[in-house]
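Keep in mind that this is a model prediction, so the values were computed, not measured.
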Amino acid sequence: MTSDPAPPRSITLPAMGLAALALGAALILLLQILPPTDRINPVRRTISEYALSSNKWIFDLAVLLVALGSAAAFAGLVRHKLLPVRSFAVLLGALWTVSLLVVIVFPKHNWAIGPSTGGNVHRIASVVGFVCLPVAVLLAARIVFRHSLLWRRLAQFLAVTSLLWFGAILVAVGIMATGGPPWWQLLPLGLVERGMAVNELLAVATLAVPLLRRATVVHAPELVK
C-alpha cells in the first residue's frame with residue numbers, strides 16, 4: 001500500500017513561483033509579436049515602452065506575475081528555513097518585488113514632452129530593482145546552496161552577469177558626464193535592458209528550482225509494508 005500520492009503542499013509555493021515567472025516572461029515576448037508593440041525596436045527601446053501602448057495591460061500583467069513569482073521564490077526559501085527571514089537577501093528581494101509594483105503604478109514617461117515626477121519614480125524604481133535582485137541572489141546563494149556547488153555557482157554567475165549589464169549603463173553615463181553623447185544613445189539600451197532582465201529572471205528561477213526538487217524528494221510517497 002502506498003501513501004496518498006497527492007502533490008505535497010510544500011511544492012506548491014516554488015511551483016507557483018516558477019509558473020508565474022515563466023508566464024510573465026512569455027507575455028513580455030508576446031508583446032514583441034502583437035501589434036502595435038511589434039513596432040518597438042527591441043535593440044534600442046526599453047521594455048517599459050510597451051506600457052505606452054494599448055497593450056499596457058499585458059505589460060502590467062507580465063510585471064505583476066514576475067513580482068509574484070519572485071515573492072514566492074523568496075518566501076519559499078524562508079518557509080523551508082533555507083534563508084533567515086531577517087536577512088539582507090530577503091530585504092533586497094522584497095525591494096526588487098516592490099520596485100516591480102512601483103513600475104506598474106508609475107509607467108515609463110515620454111521625456112520628449114518634458115519632465116515628470118512619475119517618470120522619475122519609474123526610473124528610480126527600475127534602478128533599485130535591477131541592482132537589488134542580483135545582490136539578493138548573490139547573498140542568498142551562499143546560504144541556500146551551501147552544500148551544492150553547481151547551483152551556487154550558477155546563481156552567482158547569473159547575478160554577476162546581471163550586474164555587468166547594469167555596469168554597461170553606468171559606463172555610458174560616465175562617458176556622457178565627461179562630455180560624451182547622451183548615455184541612452186551611446187549603447188543599445190533595449191538590448192542591454194533585455195539582457196539584464198533575462199539574467200535576473202533566470203537568477204530568481206535558480207532559487208526556486210532546487211526548492212521544488214527538495215520538496216519532491218522529501219515528501220515523495222513511500223512504500224508501506
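Between T97 and A67, the shortest heavy-atom contact is CG2-O, 3.5 Å. Here the shortest heavy-atom pairing between G17 and A72 reads CA-CB, 3.7 Å. Of all heavy-atom pairs between S116 and G119, the closest is OG-N, 3.1 Å. Of all heavy-atom pairs spanning G129 and P134, the tightest one is O-CD, 4.3 Å.
Residues S48 and P107 form no side-chain contact, since every pair of their non-hydrogen atoms from C-beta on lies 4.5 Å or further apart. With a 4.5 Å cut-off on side-chain heavy atoms, M196 and I169 count as touching. With contacts defined as side-chain heavy-atom distances shorter than 4.5 Å, the pair D60/K56 qualifies. No side-chain heavy atom of I40 sits less than 4.5 Å from a side-chain heavy atom of L31. A heavy-atom distance below 4.5 Å is found between the side chains of W96 and S70. Here the side chains of L34 and I58 are in contact, with some heavy-atom distance below 4.5 Å.
Within the hydrophobic cluster formed by Ile, Leu, Val, Met, Phe, Trp and Tyr side chains joined at under 4.5 Å, directly or through other members, L150 stands alone, with no partner residue.
With hydrophobic clusters built from ILVMFWY side chains whose heavy atoms lie under 4.5 angstrom apart, V131 does not share a cluster with V121. In the hydrophobic cluster analysis, where Ile, Leu, Val, Met, Phe, Trp and Tyr join through side-chain heavy atoms closer than 4.5 angstrom, L158 is grouped apart from V160. L64 is connected to F74 through a chain of hydrophobic side-chain contacts under 4.5 Å among Ile, Leu, Val, Met, Phe, Trp and Tyr, so both are in one cluster. When the side chains of ILVMFWY residues are joined at heavy-atom separations under 4.5 Å, either directly or via intervening members, V135 and L91 end up in a single hydrophobic cluster. Hydrophobic cluster membership differs between V78 and F88, with clusters built from Ile, Leu, Val, Met, Phe, Trp and Tyr side chains linked at under 4.5 angstrom.
Remark: K108 NZ to T46 OG1 distance equals 3.5 Å, nearest 0.5 Å. Distance CG/L23 to CG/L30: 10.0 Å, rounded to 0.5 Å. In this structure, OG in S126 is found 12.5 Å from CZ in F106, a value given to the nearest 0.5 Å.
Neither side chain, T206 nor W151, offers a donor N or O lying under 3.5 Å from an acceptor on the other.
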Please tabulate, for side-chain N and O atoms in residues 197-205, each donor-acceptor pair with protein atoms closer than 3.5 Å (sequence neighbours left out).
residue: N199; atom: OD1; partner: W165; partner atom: NE1; Å: 2.8
residue: N199; atom: ND2; partner: T161; partner atom: OG1; Å: 2.7

Return all side-chain donor-acceptor pairs below 3.5 angstrom for residues 179-187, not counting sequence neighbours, or 'none' if the list is empty.
none

Using residues 136-149 as the side-chain source, report each donor-acceptor pair under 3.5 Å to any protein atom, sequence neighbours left out, with the distance given to one decimal.
none

- Message: Using the rule given for side chain to side chain contact (heavy atoms under 4.5 Å, CB included), can you reason through R45 versus Y50, listing the C-alpha separation, both sets of side-chain angles and the distance that settles it, and then say yes or no?
- Response: CA-CA 9 Å; R45 300 298 181 180; Y50 294 136; over 6 Å; no

- When you look at V103 and F59, which way does the side chain to side chain contact (heavy atoms under 4.5 Å, CB included) test go after all the steps? CA-CA 10 Å; V103 164; F59 171 83; 4.3 Å; yes

- Message: Show, in sequence, the C-alpha distance, side-chain angles and deciding distance for L95 and L133, and conclude whether the side chain to side chain contact (heavy atoms under 4.5 Å, CB included) test is met.
- Response: CA-CA 8 Å; L95 287 175; L133 190 276; over 6 Å; no

- Task: Check the pair L21, L65 against side chain to side chain contact (heavy atoms under 4.5 Å, CB included), reporting the backbone distance first and the verdict last.
- Result: CA-CA 6 Å; L21 290 171; L65 285 169; over 6 Å; no

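Not a single salt bridge (charged side-chain N to carboxylate O under 4.0 Å, His left out) links R194 to another residue, sequence neighbours left out. Residues that satisfy the salt bridge (charged side-chain N to carboxylate O under 4.0 Å, His left out) test with E193, not counting sequence neighbours, are absent from this structure.
A donor-acceptor contact shorter than 3.5 Å is absent between the side chain of T37 and the backbone of I33. Listed for the N55 side chain is no donor-acceptor partner under 3.5 Å among the backbone atoms of A51.
Heavy-atom contacts from other residues, nucleotides or ligands closer than 6.0 Å to CZ of R152 number more than 12.
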